[in-house]
Amino acid sequence: MKKKLTTLIMLSIALVGFSQTSEVMTTNGGVPVGDNQNSKTVGEYGPVLLEDIHLIEKLAAFDRERIPERVVHARGAGAFGVFEASADMSQFTMAAPFQQVGKTTEIAIRFSTVVHGKGSPETARDPRGFAVKFYTDQGNYDIVGNNFPTFFIRDAIKFPDMVHAFKPSPVTNKQDPNRVFDFFSHLPEATHTLTLLYSDYGTPAGYQFMNGSSVHAFKWINNKGEMTYVMYHWESKQGQKNLTATEAEIQQGKDWQHATVSLRNAIDSKNYPQWDLYVQMIKPEDIHSFDFWPLDATKDWPADKIERIKIGTMTLNRNPINFFQEVESVAFAPGSLIPGVQASEDKLLQGRLFSYFDTQRHRLGPNFQQIEVNKPKQKVVNYNSDSYSSSRNDEFDNPDVNYQPSSRTGVSDTEQYKYVQETLKNVTITQQKITKTNDFGQAGDFYRSLTKKEQENLISNLAGDLAKVKDKNTQKTMITYFYKADRNYGMSLAKALGFSMKDFMN
Ligand code: HEM
């Protein structure tokens with residue numbers, strides 16, 4: 001009996017051993033490797049030989065493991081899942097995912113912090129990125145949004161300066177409130193988003209506990225060529241949960257990668273995170289009828305004035321298998337649009353339409369759309385060719401004809417998806433600020449919507465950073481902005497920073 005058991009154990013060890021050794025290690029060229037543990041040397045104690053090709057290849061691959069991290073939003077976590085439409089929006093848009101109730105579309109998502117590098121803590125006070133890629137029947141469609149419904153600035157020309165001010169100093173390599181508020185004291189338009197940032201919404205408890213927003217309006221186009229302005233909102237079915245500054249500090253001491261871990265764990269344990277997708281719509285003839293400019297990214301579209309209509313639900317049900325290939329290499333862009341969606345005139349969005357594709361050509365290479373995670377489900381048919389890592393243009397029936405027009409038939413444009421024409425009358429090309437700035441109204445509304453405790457946390461978080469600012473005039477200007485948003489807000493902040501009314505008299 002004992003002998004039989006020993007034979008069985010030996011047999012299973014042999015079987016395990018067999019399955020483990022069934023894969024032969026190879027070089028990148030597919031050649032079997034003789035020894036992956038010992039370099040080729042001149043005798044047992046001699047120097048290493050340059051002719052050890054496997055060693056050289058292994059070191060060279062390691063030396064090139066890193067690619068440039070994203071210039072912003074470098075730290076992030078990704079997942080995959082599905083969007084299921086709960087409404088038929090075909091009367092407003094041709095966009096494939098929103099055509100019929102029950103229609104499902106595969107999606108990829110990446111959540112992120114903004115300012116700091118790839119290995120930075122997820123406890124940082126920061127907006128959070130909320131980028132969704134729909135792999136639709138008509139190509140890839142990205143909604144590259146944030147957790148806040150507004151942004152700090154309204155014109156792309158200010159973005160690089162804003163990011164410089166937020167990022168660590170070029171001298172000390174440390175983020176510095178002096179630099180941040182030096183910049184923002186010149187930008188009253190940031191009052192609303194700064195208020196969101198310094199509230200506990202600036203430190204979400206985890207990625208699945210935050211809402212998302214497209215921030216910008218887009219244009220939906222139906223099959224008659226009619227246009228409606230839309231804004232998207234993702235509402236977390238897990239509920240919104242934030243950390244107070246003290247909780248964030250404790251979390252940072254315990255595990256500052258908590259957001260990545262908690263998202264992964266939720267999906268691994270089949271506790272699949274879900275968000276409902278809502279749209280708000282404005283008819284083009286009504287776009288000028290508000291006390292703010294709806295295509296100004298510093299503004300939210302108030303839910304009590306513009307109804308939010310639920311159009312579907314997103315479920316995240318798969319974790320990435322390889323972080324580099326599926327998350328670091330994923331490329332989202334506000335310009336990844338499909339028939340039925342066009343960019344609005346929003347000045348911030350217009351700059352983004354250029355910036356993402358441009359940075360991705362730099363970060364991932366000119367053929368970044370050929371990386372597996374970025375590939376559309378459809379066959380790509382055009383004559384863009386070659387450059388690094390190109391793997392296309394070899395599948396045409398007549399690959400010799402890589403130009404158009406030509407005698408080759410079978411590749412055609414689709415008239416229906418041509419840009420919807422707009423007539424512009426009496427237009428002057430200009431460089432000017434919008435007139436309807438309304439920089440403080442929504443900041444005040446948001447402040448008053450907070451509970452007393454949340455207001456106290458906001459004041460304490462803001463005062464904490466503003467107290468580090470050496471220039472009293474910068475501090476006073478910032479207080480003035482918050483005062484204009486809400487008298488109590490400004491007064492509480494002034495008090496927390498040790499100012500009296502007298503200080504603001506002259
Ligand atoms: C003119 C303004 C802006 C510019 C020039 C800009 C530029 C960039 C750039 C260059 C990246 C890196 C992309 C990559 O390497 O793949 C990025 C990432 C990102 N941006 Fe912006 N951005 C702007 C405003 C915004 C706004 C308003 C939002 C939110 C509505 C936003 C959300 C994001 C998100 C979510 C990511 C990360 C995407 C990912 O997970 O890969 N950005 N941005």
Side-chain angles (χ1 to χ4, degrees), residues 66-80 107-118 120 122 126-133 140 142-167 187 189-190 192-193 196-197 204 207 210-218 231-234 259-260 263 295-301 320 323-336 343-366 368-369 371 373-374:
R66 296 290 175 274
I67 59 170
E69 64 177 34
R70 289 167 177 83
V71 63
V72 279
H73 295 260
R75 164 103 216 192
F80 298 88
I107 56 104
I109 193 158
R110 184 173 176 272
F111 302 109
S112 47
T113 51
V114 180
V115 172
H116 295 283
K118 192 170 169 280
S120 57
E122 292 181 314
D126 226 352
R128 296 297 189 271
F130 195 118
V132 183
K133 184 182 292 298
N140 290 350
D142 298 348
I143 303 179
V144 196
N146 275 349
N147 64 331
F148 299 159
T150 59
F151 203 63
F152 301 98
I153 50 173
R154 57 169 73 97
D155 189 324
I157 204 164
K158 292 192 167 69
F159 188 79
D161 296 295
M162 185 196 81
V163 172
H164 289 171
F166 264 132
K167 287 261 186 196
L187 282 188
E189 72 205 55
H192 187 184
T193 310
L196 283 154
L197 180 69
Y207 291 133
M210 57 189 209
N211 290 348
S213 168
S214 63
V215 178
H216 307 284
F218 288 84
M231 176 84 83
Y232 296 100
H233 299 277
W234 297 101
T260 296
L263 180 68
L295 308 185
D296 168 1
T298 68
K299 297 298 177 295
D300 193 7
W301 289 8
F323 183 82
F324 181 82
Q325 284 172 21
E326 295 186 290
V327 184
E328 196 57 12
S329 303
V330 69
F332 298 92
S336 284
S344 74
E345 299 81 356
D346 178 326
K347 281 199 238 187
L348 194 74
L349 173 63
Q350 294 275 319
R352 294 182 75 199
L353 296 175
F354 161 75
S355 202
Y356 289 69
F357 292 131
D358 181 53
T359 201
Q360 284 150 7
R361 286 180 195 113
H362 159 68
R363 183 168 74 81
L364 300 164
F368 68 92
Q369 283 130 319
I371 298 170
V373 70
N374 298 322

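Counting convention: from 1, in listed order, for ligands and their atoms alike.
Between Q360 and ligand 1, a contact under 3.5 Å exists for at least one N or O pair. Checking only distances, T359 never comes within under 3.5 Å of ligand 1, N or O to N or O. Backbone and side-chain nitrogen or oxygen atoms of S355 are examined, and none is located within less than 3.5 angstrom of a nitrogen or oxygen of ligand 1. In terms of polar-atom proximity, defined here as any N/O pair under 3.5 Å, R110 does make such a contact with ligand 1. At least one N or O atom of R352 sits closer than 3.5 Å to an N or O atom of ligand 1.
Near A156, the atoms of ligand 1 lying under 4.0 angstrom from a non-hydrogen atom of the residue are 1 (C). Less than 4.0 angstrom separates some heavy atom of V215 from each of these atoms of ligand 1: 30 (C). Close contacts between ligand 1 and V144 involve ligand atoms 29 (C), 30 (C), 33 (C), 34 (C), 35 (C) [criterion: under 4.0 Å to a heavy atom]. Residue V71 approaches ligand 1 through these ligand atoms, each under 4.0 Å from one of its heavy atoms: 10 (C).
Distance check, rounded to the nearest 0.5 Å: CG of L348 to CZ of F152 gives 11.5 Å. Expressed to the nearest 0.5 Å, how far CZ of F130 lies from CD1 of I109 amounts to 4.5 Å. Within the model, atoms OG of S213 and NE2 of H233 stand 5.0 Å from one another, a figure rounded to the nearest 0.5 Å.
Closest heavy-atom approach to atom 17 (C) of ligand 1 among the candidates F151, Y356, F368, F357: Y356. Nearest residue to atom 19 (C) of ligand 1 from R128, H73, H216 is H73 (criterion: closest heavy atom).
Within 6.0 Å of CZ on F354 lie no more than 12 heavy atoms contributed by other residues, nucleotides or ligands. I157 CD1: 12 or fewer foreign heavy atoms inside a 6.0 Å radius.
Scanning both residues, V144 and R352, for their nearest heavy atoms gives O-NH2, 2.9 Å. When all heavy atoms of E189 and K158 are compared, the closest pair comes out as OE2-CD, 4.3 Å.
Residue contacts with ligand 1: G145 is included, with a non-hydrogen atom under 4.0 Å away. Residue contacts with ligand 1 include F130, since one of its heavy atoms falls under 4.0 Å from the ligand.
Using cut-offs of 30° and 60° for the angle between ring planes, the F111 and Y207 rings count as parallel.
With hydrogens and angles ignored, the 3.5 Å screen pairs a side-chain donor or acceptor of S120 with a backbone N or O of G117.
Residue contacts with ligand 1 for N146 involve both N, CA, C or O and side-chain atoms from C-beta outward (heavy atoms, distance under 4.0 Å). At a heavy-atom distance under 4.0 Å, no atom of F111 approaches ligand 1.
In this structure, the protein non-hydrogen atom closest to atom 41 (O) of ligand 1 is R70 NE, 2.8 Å. Counting only heavy atoms of the protein, atom 9 (C) of ligand 1 lies nearest to V72 CG2, 3.7 Å. Here the protein heavy atom with the shortest distance to atom 5 (C) of ligand 1 is F159 CD2, 3.3 Å. At the top of the distance list for atom 15 (O) of ligand 1, counting protein heavy atoms only, stands R363 NE, 2.7 Å.
Here R363 does not pair with E69 in a salt bridge; the nearest charged N to carboxylate O distance is not below 4.0 Å.
For D346 and S344, the side-chain atoms include no donor-acceptor pair closer than 3.5 Å.
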### Task
In sequence, state the C-alpha distance, the side-chain angles, and the governing distance for V215 and F148, and then conclude on side-chain contact (heavy atoms from CB on, under 4.5 Å).
CA-CA 8 Å; V215 178; F148 299 159; 6.0 Å; no
